[in-house]
Amino acid sequence: AMEGISSISDTARLLKYVNKFEKIGNKYPGHWIPYYYASEALTAISLFEDKGSKKDAHLERAQVLHDNALALAPEESEIFVLQAVILSSMIMVDPKIRAVIHYSNANAALHKAKELNPGNPRVYFIDGMTKTVLPEFLGGGPEQAKEQFLVAEEKFEAFENDDPFWPGWGEKMNNEQLEKLADVELEE
C-alpha cells in the first residue's frame, strides 16, 4: 500500500489506498501508522479538489483518522506534524476566516511536535512552509522560511529510523523550497 500510494496523483486511486490503510488500521489495532497514512493521503487529496465543500469533507475524514492515530500514540511527534498540516489545509479552504480559527492550533501542534522530537525534520519543513505564506509582521517572510528550510535540511541529513513504514516525506519538497529561495540573503 505504501509503495502504491507514493506514486499516485489521481484522486480516485488515492482514495482506494486511503480505504486500504484504514482497513489495515482496523485489522491491526494498536498501530498508528496505517491511520497516519490514510489521514495524510486524504489531506493531499483535499489539495486537488476545487470545491471547498469537497476539501472540507476530505479534511474532516483526515481529522478523524488522525485522531485515531493520536489515540494510539499520543507522544508521537509525526502525528503532531500531521495535525499542523491538516489544520493548515483547512485554513487554505478559506484563509480570511479560517486563519483566525485554526492558525494558533496548527502552530501549537507544530511546537508540540518539536518538543516531542527536536530531530524531526518535518517539523522544520512545515514551519518553513508556514512562514512562506505568513506576513513578515507575524514572523513570516522569505528569510524566516529559508532559515527553517536550512534547519530541516540538516535534520533530514541526520534523521535515522529503522522502521521501513516510518513517515519519510518532505526532503524533496524542502530542497525545492531552498532552490526557490537561493537568492534570499540571511541576516547574521
Side-chain angles (χ1 to χ4, degrees), residues 1-9 11-49 55-93 101-130 148 151-152 155-174:
M2 288 180 62
E3 288 174 9
I5 203 168
S6 65
S7 63
I8 296 173
S9 60
T11 301
R13 289 177 57 205
L14 271 173
L15 281 171
K16 288 180 183 178
Y17 281 99
V18 167
N19 294 333
K20 186 179 278 192
F21 278 117
E22 190 171 11
K23 285 179 185 177
I24 292 168
N26 292 336
K27 186 173 181 177
Y28 300 99
H31 298 280
W32 63 271
I33 289 181
Y35 294 117
Y36 173 95
Y37 281 110
S39 180
E40 179 190 36
L42 280 165
T43 305
I45 289 168
S46 76
L47 301 175
F48 298 121
E49 296 290 352
K55 288 177 183 283
D56 282 338
H58 293 307
L59 292 169
E60 287 169 16
R61 186 172 172 208
Q63 186 64 57
V64 168
L65 293 164
H66 165 274
D67 292 347
N68 290 347
L70 181 62
L72 294 167
E75 297 297 314
E76 179 47 61
S77 173
E78 298 291 354
I79 296 172
F80 286 93
V81 172
L82 180 58
Q83 180 65 79
V85 173
I86 293 168
L87 291 169
S88 296
S89 298
M90 288 178 179
I91 291 169
M92 291 180 352
V93 174
I101 299 167
H102 297 301
Y103 175 71
S104 63
N105 291 333
N107 200 33
L110 211 51
H111 281 16
K112 179 69 174 178
K114 188 179 199 177
E115 176 186 303
L116 291 170
N117 182 0
N120 183 343
R122 282 163 285 286
V123 171
Y124 305 92
F125 168 67
I126 294 301
D127 193 24
M129 291 301 293
T130 301
Q148 292 305 302
V151 173
K155 301 290 182 179
F156 276 118
E157 289 174 7
F159 189 78
E160 292 182 21
N161 190 304
D162 294 336
D163 186 339
F165 302 115
W166 200 262
W169 58 271
E171 186 170 15
K172 180 180 176 190
M173 294 178 284
N174 191 74

Review point. From E49 CD over to D56 CG, what is the distance, rounded to the nearest 0.5 angstrom?
Key: 11.0 Å

Practice item. To the nearest 0.5 Å, tell me how far K155 NZ sits from Q148 CD. Key: 10.5 Å

Revision key, fill the gap. Residues passing the ring pair (Phe, Tyr, Trp, His ring centres under 6.0 Å) test with Y36, sequence neighbours excluded, are W32

Practice item. Might you point out which heavy atoms bring A84 and A106 nearest each other, and give the distance in Å? Key: CB-O, 3.6 Å

Practice item. List the atom of F159, the atom of P121, and the distance in Å for their closest heavy-atom pair. Key: CD1-CD, 3.5 Å

Practice item. Determine, step by step, whether M90 and I101 satisfy the side-chain contact (heavy atoms from CB on, under 4.5 Å) criterion, reporting the C-alpha distance in whole Å, the side-chain angles of both residues, the deciding distance to 0.1 Å, and the verdict. Key: CA-CA 10 Å; M90 288 178 179; I101 299 167; over 6 Å; no

**Study point:** S46 side chain vs K55 backbone, donor-acceptor pair below 3.5 Å
**Key:** no

Exercise for review: Say whether, by atom type as modelled, one donor and one acceptor occur between the side chain of Y37 and the main chain of F165 under 3.5 angstrom.
Suggested key: yes

Practice item. Tell me, please, which residues at least two apart from K112 pass salt bridge (charged side-chain N to carboxylate O under 4.0 Å, His left out). Key: E115

Point to revise | Pair N26, E22: side-chain N/O donor-acceptor within cut-off below 3.5 Å | key: no

Review point. For the residue pair N120 and S77, what are the closest heavy atoms and their distance?
Key: ND2-OG, 3.0 Å

Check your understanding: How far does CG of L47 sit from CG of L42, to the nearest 0.5 angstrom?
Key -> 11.0 Å

Exercise for review: Please report the shortest heavy-atom distance between T43 and I86, naming the atom on each side.
Suggested key: OG1-CG1, 3.4 Å

Check your understanding: Given the rule in the side-chain contact (heavy atoms from CB on, under 4.5 Å) test, do L70 and F80 qualify, once you have shown the distances and angles that lead to the verdict?
Key -> CA-CA 8 Å; L70 181 62; F80 286 93; 3.7 Å; yes

Review point. Side chains of V85 and M129: closer than 4.5 Å at any heavy-atom pair?
Key: no

Check your understanding: Which value, rounded to the nearest 0.5 Å, describes the distance between L87 atom CG and S104 atom OG?
Key -> 9.0 Å

Check your understanding: Looking at CG of L14 and NE2 of H58, how far apart are the two atoms once the value is rounded to the nearest 0.5 Å?
Key -> 10.0 Å

Review point. Just how far is it from atom CD1 of I45 to atom CD of E40, taken to the nearest 0.5 Å?
Key: 11.0 Å

Exercise for review: Kindly indicate, with the supporting measurements, whether the criterion side-chain contact (heavy atoms from CB on, under 4.5 Å) is fulfilled by I33 and D163.
Suggested key: CA-CA 11 Å; I33 289 181; D163 186 339; 3.9 Å; yes

Review point. So K16 and N19, side-chain contact (heavy atoms from CB on, under 4.5 Å) or not? Walk me through it.
Key: CA-CA 5 Å; K16 288 180 183 178; N19 294 333; 5.5 Å; no

**Study point:** Under 3.5 Å: donor-acceptor pair, side chain of Y124, backbone of G119
**Key:** no

Check your understanding: Of all residues at least two apart in sequence or in a different chain, which pass the salt bridge (charged side-chain N to carboxylate O under 4.0 Å, His left out) check with E78?
Key -> R122

Point to revise | Side chain proximity check, H31 to L72, heavy atoms < 4.5 angstrom | key: no

Practice item. Check whether any side-chain N or O of H66 sits under 3.5 Å from a backbone N or O of I79 as a donor-acceptor pair, and report yes or no. Key: yes

Review point. Quick one: are L59 and Q63 in side-chain contact, heavy atoms under 4.5 Å?
Key: no

